[in-house]
Amino acid sequence: MTDQETLGYDFETAEPRWQAAWERIRAFAAEDHPAADKPKYYVLEMFPYPSGQLHMGHVRNYALGDVVARYKRARGFSVLHPMGWDAFGLPAENAARERGVHPGQWTLDNIASMRVTLQRLGFSLDWDREIATCLPEYYGHQQKLFLDMLRKGLVERRESSVNWDPVDNTVLANEQVVDGRGWRSGALIEKKRLSQWFLKITDFAEPLLEGLDTLDRWPARVRTMQERWIGRSEGARIRFPLHAPPEGFDVDRDSVEVFTTRPDTLFGMSFVAIAADHPLAAKVAQDNAAARDFIEECQRLGTSEEAIEAAEKRGCDTGLRVVNPFAPDETVPVWIANFVLMEYGTGAVFGCPCGDQRDLDFARKYALPVRPVILPPGEQIGSFAIGRTAVTGEGTLINSGFLDGLDTAEGKRKAIERLEGMGVGRGVVNWRLRDWGISRQRYWGCPIPVIHCAQCGAVPVPDDQLPVRLPEDVTFDRPGNPLDHHPHWKHVTCPQCGAAAQRETDTFDTFVDSSWYFARFTAPHAAGPIDPVAANSWLPVDQYIGGIEHAILHLLYARFFTRAMHETGHLDVDEPFAGLFTQGMITHESYRDESGWLAPEDVTRSGDGYVRRDNGQPVQLGRSEKMSKSKRNTVAPTAIIERFGADTARWFVLSDSPPERDMEWTEAGVSASARFGQRLYRLVQAVSAQVPRDASFGEGGRSLRQATHRTIVAVTEALENFTPNVAVARLHELSAALGEAEKSDEPGMGAARREAALALALLVAPMMPHLAEEMVALLEPEGALVVERSWPEALPEFLTRDSVTMGVQIMGKLRGTIEVPPDAPSDIVLPLAEAEPNVARMLEGKRIVKRIHVPNRIVNFVVAG
RNA sequence: GCGAACUUGGCGGAAUGGUAGACGCACGAGACUUAAAAUCUCGAGUCCGCAAGGGCGUAUGGGUUCGAGUCCCAUAGUUCGCACCA
């Protein structure tokens, strides 16, 4: 016997039936422009990468978005809720190399099967607006956007470093570098300089930072993370001339410019450190074998900041010395250090061991001098010494010549003033944010629409030749970029002079694809990239929903791109996402035995533990963690839909955990959700069978009506607050009240039950839309579809309470409760509280010092003696 | 390493600074049943107590407050991000 044969509600036939009914009336098609008589609401979930199978994380993400979309539609908004595919990327190329499938075919097949799953889940999506970034109908417009930015001066070409695998002769992504080695070849990777395209996001550093203040419906932590990422800091650039330069070096030409946020500590400088890829380091390395080896070693760390920062702090003395402008008699050594980043500031820092922990560690390691220049508050100048801990806070400057006695802020000001007066430095604002390198040496991405000509340089592909299409006939039988190997694709003539020229064979970073898709959704069939009228009327996205892992890069790139599209005349908005919600992961227990990880369907509960289904042998239970293929602790949405139906899957992912937190997937939880759906159906069946449609309310049923209308308020509030788990709890309570009412023969209870049943149906609809339709069809067979109905309204007369229960505390500890009328004044409440038997007993022999009464909430007696 | 966050019964979690543990899961007892499943009813943080009631309790240690899960400081553990995964 299958699960559903024992059940009353047959989701297997009902779900497709209602999906067809919605389709028939095109219930989810958005207007080209939001209807004039309705407020607009654009709800968007981060579109998926078509990896092959929809996973539970997607179900949670899209179920959340669908709750918002359906709720807002019921509240009378003109809703835009589209879906598409982030379809370019490395996994398709990996599949091509590993299995010989063409990346395009692999991707389109994946899209086809994932679309079916999304549709079976019954999401209220406007499928007419579907886009896939790997199709020329999408990426051609992206090429146009890029060229517009190029013409506007927002694009630059310059050199930067990549991870190079010398065995596979290919560029590796950071995630393909494992412990400094290529993931396939195992070769030690090297840094390699390549000419690449950059989008000048740093031009927008200030507005991107300031714009964060306007995003009041973003999680504070995401705003903080972006703020830190952009990293505005005030400080100084200081130029140190070389002291007694060796042969071939020049005092000024080879001087070192540093950026510092602590110019006040310049008197404590004991070394200067430069990045391994600093030009001066390269120059030193020409005839310094030790430096050469050290630089080579640094390059093996790869390009990821994480690897560089986590590595042991090491350095190599170049033998050069520079002069401290504040102490011209002193010179300090110049070191190459593996913790200095070329990308930040000037690629060089001065080391003040007193004021910076990293500098102090470095100085101790290489026996460099440590001069105390900051006196922390409460320390005495005579006894203060620096041990293993630097003074990273503020203090009073000491041993610092003209800065002596000043505090940190004043010291910075004076130091900069003096540096500027001497002409060796100036106060500057520095940003941590770096320009966005968008060139990728890969096939499965959007071609960069540029032609390289020996005479004319980098020439944009003329607009009328767009899109530059990816060639289909490519091979993956050798490493490197197939576009580069292709027999004729890159060989073209220069659009300007007609001479033989070469196409750019790099493609865009896939983050470019996802930086404007929300705008394309507003007019997905427009002839140009963006229809400004549609974009300006639908944007910004009112509610954007996705994973916290995108808190920085994707969201920052999209914010930048929107500003860049504004500047190139494609739209008039600056911030793409007015509201942001970041949802947590789905986790599951993991199981293993000596043969390795086991899938949930291979194990079963037995007593206190788990055993294998096939041989009954006990299984070790691992902790609950993110569903992943490697741990085999995944649960396929398709399997759940088949066994329990879409509504159960949706209900479960929404029910237990607050959506921003991780949620644990459990078998018991899913079946509980299925049971609740059946319970609702039975309750409504009973009402439909027992209560005539024209039953009148009369005097009875007030308590059920109160429960109904309070639930309407509570569920509405929960959905507005993005806490569907709380809505679920309140709906459980209303269903319990409705079940209880079946036993009552109060006159008027029938009508109250009908009212409760209909409210239940409408309130669960955003979460379980198919079941809701079924429930309403039982109650009102000729009535409108739920998707055409508006959200229920609570009647105020049922929201008032007859009495409230208040806690009574003594010294903040609960000693009893009292029943009082709502909003009862202190002269009624306090005597009642004091008279409560247990309270009275505890108050005996004590003197009440203070009586605290918070109406409807609490009474607290402070006592003495 | 740096940045950001999270931590409440056996489990998921609820709680405008005001009765901690709503709601659900798992568990136990009972009803229905030839039996099981399903369904329904009741119970339950923990310790002491026959009970009434009391002690303790929201990761750990401190602080602010009449009152702290909630605010502040420190510590621990876990998670996310670190610019070529998406």
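Below, all heavy atoms of this structure are taken into account, side chains as well, without hydrogens, waters or symmetry copies. Below, chains carry the letters A, B, ... as their sequence lines are ordered, and counting in each starts from 1.
- Taking 4.0 Å as the cut-off between side-chain N and carboxylate O, A/Asp277 and A/Lys191 count as a salt-bridged pair.
- Across all strands shown, B/C50 forms no Watson-Crick or G-U wobble pair with both key distances under 3.5 Å.
- When the side-chain nitrogen and oxygen atoms of A/Ser657 are compared with OP1 and OP2 of B/G13, one or more of them lie within a distance under 4.0 Å.
- Closest to the A/His732 side chain, of the nucleotides B/C85, B/C23, B/C40, is B/C23.
- Backbone-only engagement by A/Pro658 is indicated by non-hydrogen atom pairs under 4.0 Å involving sugar-phosphate atoms exclusively.
- A sub-4.0 Å separation between OP1 or OP2 of B/G18 and a side-chain N or O of A/Asn860 is absent.
- Donor-acceptor pairing under 3.5 Å, judged by distance alone, is present between the side chain of A/Arg857 and the base of B/U16.
- Searching all strands for a Watson-Crick or G-U wobble partner of B/U39 with both distances below 3.5 Å returns B/A31.
- Aromatic pair A/Trp665/A/Phe652: ring centres closer than 6.0 Å.
- For A/Met225, taking side-chain heavy atoms from C-beta onward, the closest of the listed nucleotides B/A83, B/A4, B/G24 is B/A4.
- Ring centroid separation for the pair A/Tyr138 and A/Trp516 comes in under the 6.0 Å cut-off.
- Put simply, CZ on A/Arg184 and CZ on A/Arg97 are 7.0 Å apart, with the number rounded to the nearest 0.5 Å.
- Using a 4.0 Å heavy-atom distance criterion, A/Trp229 is classed as a base contact.
- Counting atom types as modelled, A/Glu306 pairs a side-chain N or O with a base atom of B/C82 as donor and acceptor under 3.5 Å.
- Side-chain contact between A/Leu680 and A/Tyr9 is absent, with no heavy atoms from C-beta onward closer than 4.5 Å.
- Contact annotation: A/Asn174 side-chain N/O to B/A83 OP1/OP2 distance is under 4.0 Å.
- When the C1' atom of B/C84 is taken as reference, atom CD1 of A/Ile308 falls 14 Å away, rounded to whole Å.
- For the pair A/Arg661 CZ and B/U58 C1', the interatomic distance rounds to 12 Å; values are reported in whole Å.
- As rounded to whole Å, 17 Å separates atom P of B/C66 from atom NZ of A/Lys813.
- Side-chain atoms of A/Arg730 and base atoms of B/A22 include a donor and an acceptor less than 3.5 Å apart.
- At a threshold of 4.0 angstrom between heavy atoms, the contacts of A/Glu305 include nucleobase atoms, whether or not backbone atoms are also involved.
- Here, B/G10 and B/C27 have their C1' atoms 9 Å apart, quoted to the whole Å.
- In the set B/G18, B/G54, B/U41, the nucleotide with an atom closest to the side chain of A/Asn838 is B/G54.
- Taking the six-membered ring for Trp and the full ring otherwise, A/Trp85 and A/Phe47 have centroids separated by 6.0 Å or more.
- The line from CG of A/Leu172 to CG of A/Asn163 is 6.0 Å long, rounded to the nearest 0.5 Å.
- In terms of phosphate contacts, A/Arg682 brings no side-chain nitrogen or oxygen within less than 4.0 Å of OP1 or OP2 of B/A38.
- Here A/Gly437 lies in heavy-atom contact (under 4.0 Å) with sugar-phosphate atoms only.
- Ring-centre distance between A/Phe581 and A/Tyr544: not below the 6.0 Å cut-off.
- To the nearest whole angstrom, the two C1' atoms, one in B/A59 and one in B/G9, are 14 Å apart.
- Taking the side chain of A/Leu90 as heavy atoms from C-beta on, and the options B/C85, B/C66, B/G18, the nearest nucleotide is B/C85.
- Close to B/A86, at under 4.0 Å from its OP1 or OP2, lies a side-chain N or O of A/Thr510.
- Closest to the side chain of A/Ala729, from the set B/G55, B/A86, B/A22, is B/A22.
- Within the 4.0 angstrom heavy-atom criterion, base atoms lie near A/Gln196.
- Taking atom P on both nucleotides, B/A26 is separated from B/A38 by 9 Å, rounded to a whole Å.
- The gap from the C1' atom of B/C40 to that of B/C32 amounts to 8 Å, rounded to the nearest Å.
- At a threshold of 4.0 angstrom between heavy atoms, the contacts of A/Arg442 include nucleobase atoms, whether or not backbone atoms are also involved.
- The interatomic distance linking A/Arg815 (CZ) with B/U19 (P) rounds to 15 Å, in whole Å.
- Under the 90° criterion around 0 for the glycosidic angle, B/G67 counts as anti.
- Rounding to whole angstrom units, CG of residue A/Leu208 and P of B/A83 are separated by 19 Å.
- Going from the P atom of B/U7 to that of B/G13 covers 9 Å, rounded to whole Å.
- For the side chain to side chain contact (heavy atoms under 4.5 Å, CB included) test with A/Asp506, the passing option among A/Leu194, A/Ile438, A/Ile448 is A/Ile448; the others fail.
- When the side-chain nitrogen and oxygen atoms of A/Arg221 are compared with OP1 and OP2 of B/G81, none of them lie within a distance under 4.0 Å.
- If you take atom C1' in B/G49 and the same atom in B/G12, they sit 33 Å apart, rounded to whole Å.
- Distance CD (A/Glu664) to P (B/A26): 13 Å, rounded to an integer number of Å.
- RNA chain B is contacted by both A/Gln176 and A/Ala310; A/Ala310 maps to the nucleotide lying nearer its 5′ end (nearest heavy atom per residue).
- In this structure, CZ of A/Arg228 is placed 4 Å from P of B/A4, rounded to the nearest angstrom.
- When each of B/C82, B/A26, B/U19 is scored by its nearest atom to the side-chain atoms of A/Leu553, the top-ranked nucleotide is B/C82.
- B/G54 and B/A68: their C1' atoms are spaced 22 Å apart (whole Å).
- Among B/A83, B/G13, B/G12, the nucleotide with an atom closest to any side-chain atom of A/Tyr557 is B/A83.
- Residue A/His554 is classed as having no contact, given no heavy-atom separation below 4.0 Å to the nucleic acid.
- Using a 4.0 Å heavy-atom distance criterion, A/Phe511 is classed as a base contact.
- At a threshold of 4.0 angstrom between heavy atoms, the contacts of A/Val162 include nucleobase atoms, whether or not backbone atoms are also involved.
- Between A/Phe88 and A/Phe508, the distance separating the two ring centers is not shorter than 6.0 angstrom.
- Between A/Asp513 atom CG and B/C85 atom P there is a gap of 14 Å when expressed in whole angstrom units.
- The separation of B/A83 from B/A14, taken at their C1' atoms, amounts to 40 Å, rounded to a whole angstrom.
- At a cut-off of 3.5 angstrom, the base of B/C84 holds at least one donor-acceptor pair with the side chain of A/Gln441.
- Residue A/Arg841 has its side chain nearest to B/G53 when only B/A86, B/C25, B/G53 are considered.
- Side chain of A/Met842, nearest nucleotide from B/A86, B/C80, B/G54: B/G54.
- Here A/Ser514 lies out of heavy-atom contact (under 4.0 Å) with every strand.
- Mapping A/Thr817 and A/Phe861 onto RNA chain B by nearest heavy atom places A/Thr817 closer to the 5' end of the strand.
- For A/Ala672, counting side-chain heavy atoms from C-beta on, the closest listed nucleotide (B/U19, B/G24, B/G18) is B/G24.
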